Number of protein chains: 2
Amino acid sequence: MVRKTKEDAELTRLAIIEAARAVFLARGVSRSTLEHIAAKADVTRGAVYWHFKNKTEIFHAIRDQVFLPLIDRMDDTLASESKDDPLTQIENSLCDTINELSRNIEMQQTYEIMMIKCEYVDEFATVLQQILNNCSNITEKIQLAYERASKKNLLAGSHSPRALAQDTHLFFSGLLHMWVKDFDGSRFRYQATELIKSHINLRRK
Amino acid sequence: MVRKTKEDAELTRLAIIEAARAVFLARGVSRSTLEHIAAKADVTRGAVYWHFKNKTEIFHAIRDQVFLPLIDRMDDTLASESKDDPLTQIENSLCDTINELSRNIEMQQTYEIMMIKCEYVDEFATVLQQILNNCSNITEKIQLAYERASKKNLLAGSHSPRALAQDTHLFFSGLLHMWVKDFDGSRFRYQATELIKSHINLRRK
DNA sequence: TTATATACAAACAAGAATGTATGTAAATAA
DNA sequence: TTATTTACATACATTCTTGTTTGTATATAA
């Protein structure tokens with residue numbers, strides 16, 4: 001039967017995105033066909049082609065749905081003038097992201113797709129550049145927090161905020177990658193926040 | 001013309017692996033066809049099917065050619081009874097890997113393929129488990145080095161060797177990922193060893 | 001009320017890609 | 001020397017995917 005109102009159409013669109021996420025996760029982006037996605041969403045390829053130009057556009061829709069809000073969120077936690085000391089602020093920001101990842105299954109799946117179920121070539125290569133840019137931004141935010149910590153004399157040793165921020169960023173990148181790869185959760189998932197606290201404590205005076 | 005001797009056949013095999021690496025890198029594993037690979041290696045698909053069962057087997061051949069030697073190497077650097085202090089040993093081990101990555105273009109390409117040009121589903125999913133196991137091994141080796149450093153009283157603060165090792169491992173994972181994604185080299189490639197030194201210096205008394 | 005645009009379903013056409021089967025010249029074994 | 005493998009090339013059959021086209025019921029605009 002044909003969907004009718006604009007609201008119904010939007011539901012179809014969302015159903016397709018949701019289905020695509022599940023299919024991408026199970027079969028990888030390349031091996032996922034529009035037929036798979038359509039079937040999962042209980043529509044035909046006709047509907048998919050009506051809402052999206054092709055698979056790549058669906059991919060971006062999935063990414064936008066989850067990544068963009070997350071970036072904002074992280075920015076907020078890091079930049080906010082909280083009552084916590086700056087080091088705790090960094091710690092909270094990282095832990096927040098991990099917690100969100102733990103309880104938000106859509107975000108979890110999206111991360112997994114982006115990290116280990118997608119090949120960054122051709123149309124997808126541009127995404128890499130975006131990721132690098134995001135990383136730069138986050139590192140800068142962390143650096144600012146370390147600079148505040150430095151001014152408040154909270155840091156052990158005499159390391160530059162820049163170096164600390166890069167180290168923290170690389171640590172967190174690694175953590176996210178391991179978190180995603182660690183399906184059964186035995187190695188990283190259950191101790192992620194501990195690892196973060198430990199990382200930050202290394203820097204406390 | 002038909003290749004004849006066993007030596008010639010082995011050359012063909014190597015040519016196919018080399019061609020596959022280039023094709024995987026350019027098009028991603030999924031979008032690479034055996035025809036692409038055969039053409040690049042100046043043979044026909046017949047030759048490819050003679051030497052390999054399918055694309056997955058070529059993938060593993062590429063991986064084995066570069067990864068297995070690397071793991072041994074890293075183990076050696078970390079476990080060896082060198083004259084350096086343990087912290088410098090860790091530092092050298094990480095820097096060594098980065099240096100090798102810088103000058104060994106095959107290794108570079110292989111890393112890039114494994115990290116951002118491959119989807120870990122179905123037959124490839126098992127590779128993830130292998131990667132996690134490797135990570136565990138490396139973390140353990142690093143931990144042993146930190147324990148030696150602790151005994152020699154070289155460590156600042158009173159952090160557990162286990163926590164330090166995990167932090168270092170995650171840092172290095174992140175570094176490798178960024179190194180690979182950072183094509184033009186502007187952000188990470190040229191300062192990787194600096195970042196490593198800085199990371200280790202955080203721990204020195 | 002009628003015309004048109006929306007939101008799909010269904011059918012079609014064409015090109016890839018894969019695996020296998022067959023052919024064959026040269027090397028090696030007997 | 002002859003028989004048999006080896007190391008491929010070539011041809012074939014089949015299955016997937018994709019993009020497009022066409023059809024159509026409903027909603028909405030005029």
Side-chain angles (χ1 to χ4, degrees), chain A residues 1-62 113 117-119 121-124, chain B residues 1-62 113 117-119 121-124:
Chain A
M1 89 208 78
V2 181
R3 279 262 160 76
K4 311 156 193 184
T5 69
K6 288 196 177 183
E7 293 78 30
D8 281 342
E10 181 59 19
L11 286 180
T12 304
R13 199 189 113 94
L14 291 176
I16 292 171
I17 292 179
E18 202 179 322
R21 202 188 309 116
V23 174
F24 286 169
L25 192 72
R27 323 184 51 122
V29 175
S30 292
R31 293 181 176 184
S32 300
T33 71
L34 295 186
E35 175 59 33
H36 294 144
I37 296 170
K40 184 91 183 176
D42 265 317
V43 293
T44 64
R45 275 169 53 242
V48 176
Y49 274 108
W50 173 256
H51 285 281
F52 302 93
K53 190 181 158 203
N54 51 30
K55 201 164 68 176
T56 309
E57 233 186 39
I58 306 180
F59 178 87
H60 281 106
I62 292 177
I113 293 167
K117 268 113 197 250
C118 171
E119 301 177 359
V121 288
D122 303 334
E123 332 87 85
F124 297 100
Chain B
M1 91 206 79
V2 182
R3 279 265 160 78
K4 311 157 194 183
T5 69
K6 289 195 176 182
E7 292 80 31
D8 282 342
E10 181 59 20
L11 286 180
T12 303
R13 197 188 115 93
L14 291 176
I16 292 172
I17 293 179
E18 202 180 321
R21 202 187 309 116
V23 174
F24 285 170
L25 192 73
R27 321 183 56 120
V29 175
S30 291
R31 292 181 177 184
S32 300
T33 72
L34 295 185
E35 175 59 33
H36 294 144
I37 296 171
K40 184 89 182 178
D42 263 318
V43 293
T44 63
R45 273 170 53 243
V48 177
Y49 273 108
W50 173 257
H51 286 282
F52 302 94
K53 190 183 160 201
N54 52 30
K55 201 164 70 174
T56 308
E57 234 187 39
I58 305 180
F59 177 86
H60 281 106
I62 291 177
I113 292 168
K117 268 101 202 254
C118 173
E119 300 177 0
V121 288
D122 304 333
E123 332 87 86
F124 297 100

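Sequence lines set the chain letters: A, B, ... in the order given, protein chains first and strands last, and positions in each chain run from 1. What you see is a predicted model, and the numbers here were worked out from it, not measured in a lab.
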Tell me the interatomic distance from [X], atom [atom1], to [N], atom [atom2], rounded to whole angstroms.
{"X": "A/R31", "N": "C/dA17", "atom1": "CZ", "atom2": "P", "result": "14 Å"}
{"X": "A/R13", "N": "C/dC8", "atom1": "CZ", "atom2": "P", "result": "12 Å"}
{"X": "B/D8", "N": "D/dT5", "atom1": "CG", "atom2": "P", "result": "22 Å"}
{"X": "B/F52", "N": "C/dT18", "atom1": "CZ", "atom2": "C1'", "result": "17 Å"}
{"X": "B/L34", "N": "D/dC8", "atom1": "CG", "atom2": "C1'", "result": "15 Å"}
{"X": "B/E7", "N": "D/dT6", "atom1": "CD", "atom2": "P", "result": "15 Å"}
{"X": "A/E35", "N": "D/dT15", "atom1": "CD", "atom2": "C1'", "result": "14 Å"}
{"X": "B/D42", "N": "D/dA9", "atom1": "CG", "atom2": "C1'", "result": "14 Å"}

Quiz prompt | Donor + acceptor pair across side chains of B/T5, B/E7 (<3.5 Å) | solution =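 On atom types as modelled, these side chains qualify, holding a pair under 3.5 Å.
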
Practice problem: Determine whether more than 12 heavy atoms belonging to other residues, nucleotides or ligands lie under 6.0 Å from atom NZ of B/K55. | Solution: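 Yes.
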
Looking only at side-chain N and O atoms, does [X] come under 4.0 Å of OP1 or OP2 in [N]?
{"X": "A/H51", "N": "C/dC8", "answer": "yes"}
{"X": "B/W50", "N": "D/dA7", "answer": "yes"}
{"X": "A/Y49", "N": "D/dG19", "answer": "yes"}
{"X": "B/T12", "N": "D/dC8", "answer": "yes"}

Self-check item: DNA chain C: 5'-proximal contact among A/E10 and B/R45 (nearest heavy atom)
Solution: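 Its nearest nucleotide being more 5', the pick is A/E10.
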
Self-check item: Closest-nucleotide ordering on DNA chain C, the 5'-leading residue of B/K6 and B/T33
Solution: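 Mapping each residue to its closest nucleotide by heavy atoms, the 5'-most match is B/T33.
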
Quiz item: Roughly how far apart are A/H36 NE2 and A/R27 CZ, rounded to 0.5 Å?
Solution: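 If I round to the nearest 0.5 Å, the distance is 3.5 Å.
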
Quiz item: For the atom pair CZ (A/F52) and CD1 (A/I17), what is the distance rounded to the nearest 0.5 Å?
Solution: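 Reported value, rounded in 0.5 Å steps: 4.0 Å.
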
Practice problem: Give a yes or no on whether a salt bridge exists between B/E123 and B/K53, defined as a side-chain N under 4.0 angstrom from a carboxylate O. | Solution: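 B/K53 and B/E123: not salt-bridged.
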
Exercise. Select from B/V48 and A/N54 the residue whose nearest nucleotide in DNA chain D is closer to the 5' end of that strand.
Key: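 Whichever sits nearer the 5' end wins; that is B/V48.
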
Quiz item: Counting side-chain heavy atoms from CB outward, which of D/dA9, C/dA9, D/dT17 is closest to A/A47?
Solution: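 Closest nucleotide to the A/A47 side chain: C/dA9.
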
